[in-house]
Amino acid sequence: MVNLGDVFPNFKAPTTAGDIQFHDWMGDSWAILFSHPADYTPVCTTELGRVVTLLPEFQKRNVKVIALSCDSVEDHNGWAKDVMSYVGKASEKFPYPIISDKDRKLAVQLGMVDPDEKDSAGMPLTARAVFVVGPDKKLKLSILYPATTGRNFDEILRVIDSLQLTAKQKVATPVDWKPGCKCMVVPSLSNDEAKKLFPKGFEETKVPSQKSYLRFTPHP
Ligand code: BEZ
């Protein structure tokens, strides 16, 4: 298992774009790695297609995208054509790499085996994991969904916006936050420090405990 803040494994793996060494492939970018149970499956096809459509949004945020599934590169290449057809881009090349994890080495190393899902040979499949890795190669976020629940990639972009903002500013983002919405002053900052740090100031919401912790500041 990789914990938040750990350096993400610098694995070597075959992909539809050739063999990669993960850290070299990332370069100085952020990265999102998302896994799938198997090729030629319905939910996975909708997810890969959604990421094709949203790719410019990931690129705008300097995030490189890579998928993973437990089948061969050859299967991935065939399936990728179906995905492109599904999103109405049949004449275009599939735009991001898909890792082949046939021996489940990465599935085990990254703790993303789904105990309820097996292939026809009885081999375990991968769950729907999401890993966001920062340019420092450290894990910033991980989410794990079962095979039967498709992810919401708008939410994943929203989370990346929060991660990228909070990596630079001493703010946290509240429930349902979106870019442009008010942020929260982090608890480790005193009111005096917050006054110096946030020229636009902050508002405090009073609570019965009289503790001063609900402090909102405009998106810096
Ligand atoms: C799917 O992608 O549709 C799927 C894969 C494995 C189990 C259930 C659904």
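Start at 1 and go down the list; that is how both ligands and their atoms are numbered.
- For His219, the ring pair (Phe, Tyr, Trp, His ring centres under 6.0 Å) partners are Trp177, not counting sequence neighbours.
- If you look at Phe8 and Phe131, their ring centroids are closer than 6.0 Å.
- Side-chain atoms of Asp39 and His76 form a donor-acceptor pair, as typed in the model, at a separation below 3.5 Å.
- Interatomic distance, Asp82 CG to Phe94 CZ, rounded to the nearest 0.5 Å: 11.0 Å.
- Among pairs with a residue in residues 100-112, those fulfilling side-chain hydrogen bond (donor to acceptor under 3.5 Å, both in side chains) read Arg104-Asp119, at least two apart in sequence or across chains.
- Partners of Trp25 according to the ring pair (Phe, Tyr, Trp, His ring centres under 6.0 Å) rule, which considers only residues two or more places apart in sequence or in another chain, are Phe22.
- Contact shell of ligand 1 (protein heavy atoms, cutoff 4.0 Å): Pro37, Thr41, Pro42, Val43, Cys44, Glu117, Arg128, Ala147.
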